[in-house]
Amino acid sequence: MKNEFEPNIVAFCCTWCTYTGADLAGISRMIYPSNVKIIRTMCSGRVDPQFVMKAFREGADGVMICGCHPGDCHYQNGNVKAMRRYPLLVEMLGQFGIEEDRIMLEWVSASEGDKFAEICEVMTERVKKLGPLGMKRKGQDFRQALMHPAKKINEEVPVKA
């Protein structure tokens, strides 16, 4: 039997909407990939880019950030904050050689268990096509560069005392 790559996907889910939608998918016995690991957050706006970087550093092949639909945020504008931050996050990850298709921002309400199952399937297929995240960056494993990005900057640019 062929050993097919199964990606590790981390999903940061808003506790008020997406996490509840994921729970609904489970309770309803909807089928979606089991390789999606859910991390419950208070709000999609609280997902710091460092959390995403850590997920990749710790072995994730893809990351999903999921929250309430715009206008329905329990914290008024947390999802708008996430929406504004997302393009900058994609750009920053690109500088580390991480493809845009390895990250997703999606809105899922508490009643959309079927949508949660669907985006998990879509994300898993996208990342499968890309293969495992294990690229080299400037002769080093990129995960090592992610470990201490400030140290790399200090090594490249001498600082005068």
- [ ] May I ask you to test the N35-P7 pair for a side-chain heavy-atom distance under 4.5 Å?
- [x] yes

TODO: Please check if atom CD in E100 has more than 12 non-hydrogen atoms from other residues, nucleotides or ligands closer than 6.0 Å.
DONE: no

Show me the donor-acceptor pairs within less than 3.5 Å that the side chains of residues 41-55 make with the rest of the protein, sequence neighbours left out.
| unit_1 | atom_1 | unit_2 | atom_2 | d |
| --- | --- | --- | --- | --- |
| T41 | OG1 | C13 | O | 3.3 |
| T41 | OG1 | C43 | O | 3.4 |
| D48 | OD1 | Q50 | N | 2.7 |

Open item on the list: Minimum heavy-atom separation for F116 and A22, please, with both atom names.
Closed with: CE2-CB, 3.5 Å

Open item on the list: So V63 and I9, do their side chains get closer than 4.5 Å, heavy atoms only?
Closed with: no

Open item on the list: I want to check something: taking the side chain as every heavy atom from C-beta on, are R102 and L130 in contact at a cut-off of under 4.5 Å?
Closed with: yes

Open item on the list: For V36 versus A11, what's the shortest heavy-atom pair and its separation?
Closed with: CG1-CB, 3.8 Å

Task: Side chain proximity check, N77 to K81, heavy atoms < 4.5 angstrom - done: no

TODO: Assess the pair W107 and H69: is the distance between their ring centroids shorter than 6.0 Å?
DONE: no

TODO: Answer yes or no: is there a side-chain heavy-atom contact under 4.5 Å between F12 and C66?
DONE: no

- [ ] Could you tell me whether the side chain of H74 reaches within less than 4.5 Å of the side chain of T15, counting heavy atoms only?
- [x] no

TODO: Take V10 and I38, measure what side-chain contact (heavy atoms from CB on, under 4.5 Å) needs, and give me the verdict at the end.
DONE: CA-CA 6 Å; V10 172; I38 297 173; over 6 Å; no

Open item on the list: T124 vs K128, test: side-chain contact (heavy atoms from CB on, under 4.5 Å). Steps then yes/no.
Closed with: CA-CA 6 Å; T124 299; K128 273 186 181 182; 4.0 Å; yes

Task: Interatomic distance, L93 atom CG to L88 atom CG [nearest 0.5 angstrom] - done: 11.0 Å

- [ ] With the side chain counted from C-beta on, respond yes when F56 and F96 share a heavy-atom pair under 4.5 Å apart, and no when they do not.
- [x] no

- [ ] State plainly whether one hydrophobic cluster holds both Y75 and I65, where clusters connect Ile, Leu, Val, Met, Phe, Trp and Tyr through side-chain heavy atoms under 4.5 angstrom apart.
- [x] no

TODO: For residues V127 and G62, report the shortest heavy-atom separation together with the two atoms involved.
DONE: CG2-CA, 4.1 Å

Task: Point-to-point distance, once rounded to the nearest 0.5 Å, from OG of S28 to CG of D23 - done: 9.0 Å

- [ ] Calculate, to the nearest 0.5 Å, the distance between atoms CE and NZ belonging to M64 and K37 respectively.
- [x] 12.0 Å

Open item on the list: Is it true that, when you exclude Q76 itself, more than 12 heavy atoms of the residues, nucleotides or ligands shown sit nearer than 6.0 Å to its CD?
Closed with: no

- [ ] Nearest 0.5 Å please: distance from the CE atom of M30 over to the CD atom of E121.
- [x] 14.0 Å

Task: Salt-bridge criterion met for K115 and E118 (N-O under 4.0 Å) - done: no

Task: Non-hydrogen atoms of M104 and Y86 that approach each other most closely - done: CA-OH, 3.6 Å

Task: Rounded distance (nearest 0.5 Å) linking atom OG1 of T18 with atom CD1 of I119 - done: 7.0 Å

TODO: Say whether I103 and L105 are linked into one hydrophobic cluster, either directly or through other cluster members, by side-chain heavy-atom distances under 4.5 angstrom.
DONE: yes

